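See structure below.
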Protein chains: 2
Amino acid sequence: MIKRNLKKQLIIQAAIEVFSKNNFQHSTISQIAQKANVAEGTIYQYFKNKEDLFFSIPVEKTKEFCRELELHLQGITGAFGKIRKFIWYYLYFFKMNPEYGRTLMLEMRVNKSFAKTKAYSSFKDLTDRILEIIKEGQEEGIIRKDVDIFITRHLILGILEHVLTRWLLKGEQYDLLERCDEVNKLIIHGIGLTTDPNGLK
Amino acid sequence: MIKRNLKKQLIIQAAIEVFSKNNFQHSTISQIAQKANVAEGTIYQYFKNKEDLFFSIPVEKTKEFCRELELHLQGITGAFGKIRKFIWYYLYFFKMNPEYGRTLMLEMRVNKSFAKTKAYSSFKDLTDRILEIIKEGQEEGIIRKDVDIFITRHLILGILEHVLTRWLLKGEQYDLLERCDEVNKLIIHGIGLTTDPNGLK
DNA sequence: ATTATAAATGAATAAAATTCAATATTGCTT
DNA sequence: AAGCAATATTGAATTTTATTCATTTATAAT
């Protein structure tokens, strides 16, 4: 049924707006129902409860992130360039979607139930993608092989998440993309990459 | 009045236990009141509301962290050794205080009101301390000067927080201190440190 | 047009946070 | 030690929200 899915999207859209303005705790079902122009009971026709509605938000958004990322990575050869692009795209995406970033980073990612959601699977696809790039870099000989690839992934995601989280907590006062170059420098040194093809500083 | 403060501590202790077992959302004032052996109304004599009680928890704990850290840093000269020790102590502290880690990392740090709490001031002391160490390292010539010190701090805190958060979300299945060496390697390379006094890889 | 099925409603219920008037305790003064 | 004022404690009443459910309304099929 086409109309059913449409109304579901309508409710999710209202939920995005309400949840990102206030937080989970301070958002009410009645606010969301009002914004979506439906009765409170209707929401429970589409979602098991408030939490279920909450976790339905990132599913589409994360898929979008991954889809667009692949597009941006197209045509770039070499792990070095791919990592640069990944860092840029990550910061760019959240610069463009701060409300979603707020909800994802400050509330969902940090919730134990998140690991059980569909959005998490997409998120996992993303982290798997980084792993591939790291392996590629190791084969090319531009990423050190003496460090565990999972730890290297921690490095990359750790810095990015930290930079993003600070930005969100500070109220998005500066341009997130300003951080691009410095994050790059740090990560590239951290994983033993170098712009010099000889591989020495 | 001594007894007033004692009862406040009693309520906080009960709150730590309840909040770390369930989360903020699923912890009730009546559970906390029961565990503290007071009436529900009493809690509101000491705390403005549930959130205020929640944010009172990390104040003492963060002070403890900073106090102990200074002790561990005593006698260590050189930014290199201090950073190693800092990484070790950070992981050690949360290995020993996983319930508190869970509450702090997964719920508080990520809450906008956190920046307004007293605990945040202590937390800020901690990040200021890292900044000092970084400056010291730059003067010693073992930390690169071409990267902003605040970004370097992002690197260190970013990796540590990321490693800690994953560990907590995975249910503390492995020994957090296992990550020590690899985190060290990454950070030390990332900030341009080297064990070789010549400063070359 | 009639009927069956699905969707939507909002008043009723339930559960939890918060308030408050009444009660008990403590500490001070003589 | 008794009386009094100030403080602390209580738990029942109130308020706020999530969730349920019996009823109504819309949709689709024959």
Side-chain angles (χ1 to χ4, degrees), chain A residues 1-59 103 106-108 110-114 116-117 119, chain B residues 1-58 103 106-108 110-114 116-117:
Chain A
M1 204 156 298
I2 185 74
K3 291 194 99 181
R4 186 169 173 82
N5 199 53
L6 234 57
K7 181 153 278 187
K8 190 170 183 175
Q9 285 312 117
L10 180 78
I11 293 170
I12 287 182
Q13 193 48 49
I16 288 177
E17 290 172 42
V18 174
F19 279 129
S20 78
K21 184 159 293 137
N22 317 296
N23 57 12
F24 182 85
Q25 162 90 181
H26 294 110
S27 300
T28 69
I29 292 290
S30 103
Q31 284 177 297
I32 295 167
Q34 233 174 294
K35 191 148 254 166
N37 263 59
V38 297
E40 295 174 33
T42 307
I43 289 177
Y44 290 87
Q45 224 69 33
Y46 292 86
F47 304 93
K48 229 173 63 240
N49 51 36
K50 191 179 169 188
E51 207 172 62
D52 182 37
L53 168 58
F54 185 61
F55 284 125
S56 301
I57 293 174
V59 179
T103 310
L106 304 189
E107 301 211 63
M108 287 176 187
V110 110
N111 186 313
K112 275 200 171 175
S113 328
F114 183 54
K116 295 169 206 138
T117 64
Chain B
M1 201 158 298
I2 184 73
K3 291 195 97 180
R4 185 169 173 83
N5 199 54
L6 233 56
K7 181 153 279 186
K8 190 169 182 175
Q9 286 310 118
L10 181 78
I11 293 170
I12 288 182
Q13 192 48 50
I16 288 177
E17 289 173 42
V18 174
F19 280 129
S20 77
K21 184 159 292 137
N22 317 296
N23 57 12
F24 181 84
Q25 161 91 183
H26 294 109
S27 300
T28 69
I29 292 291
S30 102
Q31 283 177 298
I32 296 167
Q34 234 174 295
K35 190 148 256 167
N37 263 57
V38 297
E40 296 174 34
T42 306
I43 290 176
Y44 290 88
Q45 225 68 35
Y46 291 86
F47 304 94
K48 228 172 64 238
N49 52 36
K50 190 179 169 187
E51 207 171 62
D52 181 38
L53 168 57
F54 185 61
F55 284 124
S56 300
I57 293 175
T103 310
L106 304 188
E107 301 209 66
M108 288 175 186
V110 110
N111 186 314
K112 274 201 170 173
S113 329
F114 182 55
K116 293 168 208 140
T117 64

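Keep in mind the model is a prediction, meaning the values are calculated, not measured.
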For this session: Working to the nearest 0.5 Å, report the span between NZ of A/Lys7 and CD of A/Gln45.
Result: 10.5 Å
Seminar exercise, completed: Against the side chain of A/Gln45, the closest entry in C/dA8, C/dA17, D/dA18 is C/dA8
Exercise. Does B/Tyr46 make a side-chain N or O approach to OP1 or OP2 of D/dT9 shorter than 4.0 Å?
Worked result: yes
Exercise. Under 4.0 Å between a side-chain N or O of B/Tyr44 and OP1 or OP2 of C/dT18?
Worked result: yes
Exercise. Does B/Lys7 put a side-chain nitrogen or oxygen below 4.0 Å from OP1 or OP2 of D/dT9?
Worked result: yes
Problem set entry | Separation of D/dA18 P from A/Asp52 CG (nearest whole Å) | 15 Å
Exercise. Who are the side chain to side chain donor-acceptor pair (under 3.5 Å) partners of A/Ser30, not counting sequence neighbours?
Worked result: none
Exercise. Which residues satisfy the side-chain contact (heavy atoms from CB on, under 4.5 Å) test with B/Ile29, sequence neighbours excluded?
Worked result: B/Glu40, B/Ile43, B/Tyr44, B/Lys50
Exercise. Mind checking whether B/Thr103 and B/Ile16 have side chains closer than 4.5 Å, heavy atoms only?
Worked result: no
Seminar exercise, completed: Per the under-4.0 Å heavy-atom filter, residues of residues 20-41 of chain B near DNA chain D come out as B/Val38, B/Ala39, B/Gly41
Exercise. Is the distance from OP1 or OP2 of D/dT19 to the nearest side-chain N or O of A/Lys48 less than 4.0 Å?
Worked result: no
Exercise. Should the ring pair A/Phe19 and A/Phe24 be called parallel, tilted or perpendicular, given that the plane angle runs from 0 to 90° and is split at 30 and 60?
Worked result: parallel
